[in-house]
Each structure stands twice: as C-alpha cells, then as structure tokens.
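Sequence lines set the chain letters: A, B, ... in the order given, protein chains first and strands last, and positions in each chain run from 1.
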Amino acid sequence: MASIGNQAGPQMIGAVGEGPPTEVVRLGTAKGNWFTRVGWSHLVGILALAFSLFPIVFVVSAALNPVGTLSSSSLIPSNVGFDNFGSILSGSFPRWFLNSLIIGVLSAALSMFISACAAYAFSRFRFVGRRPGLLGILLIQLFPQFLAIVALYLIFTEVTQLWPAIGLNSIWGLLLLYLGGALGVNTWLMKGFFDTIPRDLDESAKVDGATHAQIFFGIILPLVRPILAVTGLLGFIGAVNEFLIASVFLTDDSVKTAAVGLYGLLADEQAKNARFGLFAAGAVILAIPTVALFQFLQRYIVGGLTAGAVKG
Amino acid sequence: MAEVVLEKVNKQYDNGFHAVHDLDLDIADGEFLVLVGPSGCGKTTALRMVAGLEDITTGTLRIGGRVVNTLSSRDRDIAMVFQSYALYPHMTVADNIGYGLKLRRMDKSDIDKRVRKAADMLELGPLLDRKPKELSGGQRQRVAMGRAIVREPQVFLMDEPLSNLDAKLRVQMRAEIAQIQRELKTTTLYVTHDQTEAMTMGDRIALMKAGVLQQVGVPQQLYDHPNNIFVAGFIGSPPMNLATARLNRAGQGFELSLGSAVLSLPDTVLAERPALAAYAGREVAVGIRAEDMEDAALARDSSAQGRLRAKVTLTEALGSEIVAHFAIDAPKVVTSDTKELEKDAHVDGLLAAHQAINTFVASFAPRSRVRPGDEIEIVVDRERLHFFDPVTGVAVRS
Ligand SMILES: Nc1ncnc2c1ncn2[C@@H]1O[C@H](COP(=O)(O)OP(=O)(O)OP(=O)(O)O)[C@@H](O)[C@H]1O
Ligand SMILES: [Mg+2]
C-alpha cells in the first residue's frame with residue numbers, strides 16, 4: 001500500500017537533456033480528486049485488512065494474557081506475559097505439535113510426488129481409461145470427505161485388527177487417509193500445469209536418449225516447481241489444520257495432532273474459559289511452521305498461481 | 001554413418017487420417033536430402049516416423065541396414081532439431097548441448113571437451129553459461145544445432161529449423177547448416193516447405209503432395225524435368241507459367257496455339273518427347289519458365305516464329321533482371337495439382353494465382369525498357385517448353 005501511496009501523489013517530471021526545458025508535465029491532475037481516483041481503494045484495503053487481522057490479533061493477545069481466561073481476553077491485552085507459552089510447552093502439546101509436523105510434512109511431500117506422477121501420466125500418455133480416470137477423480141472430489149467418515153471408520157476398525165500400526169489411533173493410518181484425500185485436486189491442478197510444458201521438450205529429451213523416468217525427473221519436474229510448491233504448501237496446511245477426521249481417528253493423547261489436542265483443552269464448559277490462554281498460545285505456535293513454509297516457498301507460489309494461466 | 005531407407009511407409013493417425021502414403025525414400029550415407037512440400041502434406045509426419053516419435057503404420061524403415069520400426073528413439077542413434085528448438089529452459093547452453101552425452105554416461109571431462117568443440121564450431125563459446133531465455137532466436141537455433149552435432153549421431157533430422165528466423169538470418173544459417181553437414185558428412189533428412197531452402201541446401205530433393213511422394217532427384221533435375229504440374233509449379237521462384245494450349249499439325253511439324261499466338265515447334269522438341277505426337281489436335285498444358293522468355297526488342301534472333309504479344313501489367317526492376325507480368329489470352333490450366341498449388345500460395349499470401357486472368361511472369365534482361373501498359377512482343381525459347389497432360393498433370397515425355 002505504501003508504494004501505491006507514493007505513486008499517487010502529484011509528481012513533477014521535468015524535461016531532461018539539452019535544449020530549453022519543454023513543457024513541464026504534471027501528473028495527478030487528471031479528473032477528480034485524489035480520493036475518487038485512488039483513495040477509495042486504500043479504504044477498501046484497510047477495511048479488508050482489519051477484517052482479516054482481527055481474529056489473529058485477538059488470538060495473539062489472548063496468548064499473551066497471563067490470566068488466560070476467555071472472559072478476561074480483550075483485543076488489547078492489559079497485561080503481557082509468556083506464562084501461557086510456558087505451561088503449554090510443558091504439557092502434551094510438544095508431542096501433538098510433532099505429530100502434526102510429521103503428518104503435515106509427509107503427507108505434503110508424498111501426495112505431491114504421487115500426484116506429480118499421476119499428472120505426468122495423464123498429461124503425456126494416451127491410454128485406455130484416461131478420460132474416465134480423469135473424470136472419475138474429479139467426480140470423487142465433488143463429495144466432501146466428511147461423507148465418507150462412517151465408511152472410513154468401519155474400514156479402519158477392520159484394519160486396526162489386522163495391522164494396528166496403520167489403523168485407528170495411529171498417525172500413520174491418518175497419513176494414508178490424507179494421501180488419498182489430496183490426490184484428486186492435486187492431480188488436476190498439476191495436470192493443467194504439465195499441459196503447458198511443450199511436448200517438444202519431452203520428445204527432444206527422448207531423442208537425446210532419455211527414458212520416461214529421466215524425462216520426468218530431469219526435464220519436467222524442474223519446470224513445474226511452482227505447482228509443486230503450491231500443492232506442497234496446500235497439502236501441508238490442509239493436513240495440519242484438518243480436525244474432523246483426525247478427531248475421530250486419534251483418541252489417545254500421545255497420537256493426537258495439535259488441532260485435536262488443542263480442541264481437547266476446551267472440551268468441557270468450565271475448562272473452556274480457564275484454558276483459553278493455553279489454547280491461544282498453542283494456536284500461535286502451530287501457525288509458525290506454516291508461515292515459515294509460506295515464506296520459504298513464496299517466490300515459487302506467486303509464479304505457480306498465475307503461471308498456468310498464461311503461457312509465457 | 002548410415003543410409004536411411006524407407007520402404008512403402010504409411011502413416012494412418014488414430015483418427016483415421018492417412019497422412020503418408022507408400023513413401024519410398026533412399027537416403028544415401030552422408031547425403032543431405034530435403035523433404036519439401038506444401039503445408040500439411042505429411043513432411044513432419046514422415047520425419048517423426050524416422051525419429052521414432054510416431055509409430056509406423058505399415059512399411060519398413062532401415063537405418064544403417066538395420067530395421068528400426070519398433071526401436072525407440074534413443075536406440076536409433078539419431079539427433080533431431082525441432083522447429084521450436086525445444087531447448088531445456090532450466091539448463092544452461094552447455095548443459096543443453098551436453099544433455100544427450102550425460103544420459104549416455106559419458107565422462108564429465110569428455111562431455112566438456114565435446115561440448116566445447118561443438119560450441120566453437122557454432123560460435124557459441126561465450127554463451128555456454130547462459131540460459132536459453134537469455135539468447136536471441138539465432139543463438140537458440142545454434143544451440144539446437146549444437147545439441148544435435150555434439151552427439152555425433154548416424155542421422156540428423158531437422159524439421160523446419162529456420163522457419164522462426166528472420167529472412168536475413170535464414171539465408172546465413174542456411175549456408176552454415178549446409179556447410180556443417182558437408183564437414184561432418186552425417187546423413188541428413190531436412191524438412192521444409194520453402195522451395196528456396198530445398199534448392200539451395202539439398203544434395204537431392206524429395207517433393208511431397210498430400211502424403212504422396214511426387215519426385216525425388218537433384219534440385220536441377222526437379223527444376224528442369226518436373227514429373228508433373230505440381231512439381232513444376234512448386235519448384236522455382238517465380239513458379240513456372242502454365243497455360244492450356246492446342247497442339248496442331250502443320251505440314252511436317254507441329255505448332256502450338258497459345259491463345260491468339262501460334263508457336264511453331266522445332267523438331268527437337270518432338271524428338272525428345274515422342275509421346276507428344278499423340279496430343280496432336282488436342283489440348284495440352286504448356287509450361288514456360290520465366291527465364292525462357294525475353295523481350296523481343298532485345299532478342300537477336302528476330303524470327304517471328306515463337307512470339308507472344310501481350311500487354312505488360314506490372315514490372316519489377318531488380319537490377320539484375322526485370323520481372324514483367326503480363327496477361328495472356330490462353331486459358332489457365334486447372335487440375336488437382338494447380339488447385340493444390342493455389343491453396344499453398346494462399347497460405348503464403350500470394351493471391352495473384354487466384355485471379356481469373358492467366359498472368360505470366362517473365363524475366364527480361366535489365367536492358368529491357370518495358371513499362372507497365374506497354375504492348376510488347378515476347379520471344380519464347382521453344383526448345384525449353386514443358387508439356388503436361390491437361391487432365392492428369394503428368395509430364396509428356398517419351
Ligand atoms: N496427431 C495427428 N492426428 C491426426 N492427424 C494429424 C496428426 N498430426 C498431423 N495430422 C495431419 O496429418 C497431415 C500432415 O501433417 P504434418 O504435420 O506431417 O504436415 P507438414 O507437412 O509437416 O506441414 P507443415 O509444413 O505445416 O508443418 C495434416 O493434414 C495434419 O492435419
Ligand atoms: Mg511440419
């Protein structure tokens with residue numbers, strides 16, 4: 001916003017070079033005053049910012065409020081202290097946080113890779129069942145995962161008896177579930193991006209002597225980095241924030257993800273008020289890896305969200 | 001070093017389109033063969049079949065005596081230059097050129113050596129660390145060439161490698177590619193739709209029309225002895241002038257009524273083409289190259305035997321010659337070949353061929369003083385007339 005403001009003000013541009021200065025052009029003298037031309041967009045921006053910042057400010061201030069009750073929370077904390085952080089880090093939270101990270105990182109990385117393989121096949125090969133496959137993926141995605149929760153629960157009850165390691169109450173079981181869930185969207189997203197990479201490149205590499213695997217890893221993957229970053233980030237955020245299925249699957253304290261665990265803090269009515277500071281502190285800590293990852297991937301993501309649209 | 005042999009090669013695409021019909025081609029070891037033809041005639045398809053990027057529906061393809069129909073591209077020992085160059089955007093020029101060698105697990109120092117050698121040959125030395133997007137079109141084209149020659153393959157395949165360059169650069173690269181090929185003596189199949197490229201670069205030319213091979217031969221042979229009207233009209237710039245004429249007996253010999261003009265034919269014309277006698281009293285398609293006509297005012301031999309009278313509509317003084325356009329009153333030749341040629345000319349934006357009047361284009365010596373609107377006499381070199389069947393378009397010879 002600052003940069004827009006700078007450009008908006010009237011500026012003087014004098015003639016450069018030899019000879020008498022010609023007419024001086026004065027910018028910012030177009031019709032209408034400053035507000036009707038650019039000011040209103042600042043106003044809209046400020047309103048939107050306030051709207052989206054409000055919950056964040058509230059949670060941060062609740063986390064810093066040493067009294068730590070919901071009723072004592074306010075937008076501007078009257079008292080600032082790190083007591084909530086100290087006490088949440090001494091409980092089960094570190095374990096939950098670790099579980100969330102494991103699930104987030106693995107499901108993001110694995111689903112990214114599997115989707116990339118699928119997208120490569122859908123984009124580059126012509127095989128029987130290609131169209132039905134693509135449509136099928138799309139169709140399945142239309143149903144919320146939530147609908148399947150009963151079926152999933154039943155399936156995993158069975159699985160738990162056979163292989164407890166990937167059954168209920170295991171983060172590995174949940175990981176499997178997340179992998180399947182993210183596959184569809186990611187495959188579609190990636191296929192669209194893969195389609196913009198000219199096939200000449202594949203063919204050129206093929207003539208150069210590359211196998212399909214070498215083309216995939218050596219030529220295609222480096223060129224689709226933006227979309228990999230986008231799907232990776234979305235996968236990570238999705239897995240870390242997912243609550244519904246995780247809460248059904250993970251009931252033991254030691255396997256809970258941060259989202260499930262934090263919710264558990266507020267489970268009963270009395271505790272809700274008393275532990276709100278703890279909850280807020282946990283939420284703030286949980287946001288750190290996501291923000292960090294976003295920062296790290298930012299330069300790819302900006303390209304990734306727009307790159308597919310226009311072929312450069 | 002290998003010869004490439006195509007025997008009755010056919011390509012039918014999955015949608016049923018039959019793009020290449022019974023293609024027979026024999027490219028000798030070290031030869032530069034140009035496959036030329038109008039847009040959509042199946043040149044790229046044929047090339048891609050040789051490259052292994054497209055399945056061969058029926059027929060046999062041999063490279064170096066080995067049947068390679070089912071061999072994948074990487075095992076055919078070929079290199080291809082794509083029209084789009086298809087450089088790998090994320091690799092430097094050096095990596096682009098060396099990629100094929102790297103895939104073959106060659107020593108890093110050997111790769112460097114060969115990349116450097118290829119780069120020197122193409123004057124790419126200072127650009128080796130750049131990415132393709134930091135190169136000009138001509139430089140990209142060189143990188144694409146470098147990628148092909150560094151592998152030292154048995155066969156080069158090139159698909160219109162110059163079509164993305166501007167006219168001047170094209171002329172320069174044309175010469176360079178031809179020279180590199182001569183130096184390396186690598187068998188080359190070069191695809192283009194530009195007849196000038198075909199004439200200037202190829203040891204031999206193979207001309208295709210609608211998936212069917214029309215004629216193969218050295219450039220001059222296609223120019224002087226076209227098999228049919230299509231070859232006659234495609235090779236040469238300006239294209240051969242064509243008109244429908246009537247062949248009549250005149251005493252011992254023959255004469256040709258070309259509109260209102262009558263050209264008596266020398267005996268040698270018939271001696272060379274015995275089959276022509278069968279057209280006596282019938283129509284025949286006559287072809288005259290631009291350089292086989294001369295302004296009568298300049299002609300030494302002033303016999304009135306082989307002259308056309310016409311009104312000049314347009315002149316183009318090129319310094320070394322004057323190109324004169326004039327309408328003649330003999331009807332146009334209309335066969336499937338001329339229709340195909342017109343379609344192609346359309347693509348190139350040359351609409352002249354489309355008009356109802358039959359316009360001839362002649363090349364006069366620069367001393368000629370013709371101006372648009374002049375009524376002039378034109379001397380035709382009757383020994384160098386071309387005759388075609390007016391229905392099938394096939395050349396009338398023996
Ligand atoms: N994958 C395909 N499926 C069906 N038909 C195709 C396919 N590729 C090409 N064709 C058709 O085959 C014919 C020959 O195509 P090809 O690309 O070989 O032409 P070309 O001679 O290279 O033309 P140009 O000079 O325009 O490149 C065209 O009519 C085209 O429409
Ligand atoms: Mg082509």
Ignoring hydrogens and geometry, is there a side-chain-to-backbone donor-acceptor pair from B:R62 to B:E3 under 3.5 Å? no

Measure the acute angle between the ring planes of B:Y88 and B:Y99, then classify it against the limits of 30° and 60° as parallel, tilted or perpendicular. perpendicular

Residue selection (most heavy-atom pairs with chain A, distance under 4.5 Å) from B:R48, B:M80, B:R76, B:R151: B:R151

Choice from A:R225, A:E203, A:R126 maximising heavy atom contacts with chain B below 4.5 Å: A:E203

Taking every heavy-atom pair that is under 4.5 Å apart, which of B:G100, B:S72, B:A79, B:A148 has the most such pairs with chain A? B:G100

Would you check if the side chain of B:R74 reaches a backbone N or O of A:V207 as a donor-acceptor pair within less than 3.5 Å? no

Measuring heavy-atom distances to chain A, does B:L157 have an atom under 4.5 Å in its side chain, in its backbone, in both, or in neither? neither

Show your reasoning for whether ring pair (Phe, Tyr, Trp, His ring centres under 6.0 Å) applies to B:Y13 and B:H18. CA-CA 6 Å; B:Y13 279 111; B:H18 201 154; 10.0 Å; no

Measure A:I219 against the heavy atoms of chain B and call it side chain, backbone, both or neither at under 4.5 Å. both

Under a 4.0 Å N-O cut-off, is there an ion pair linking B:D110 with B:K113? yes

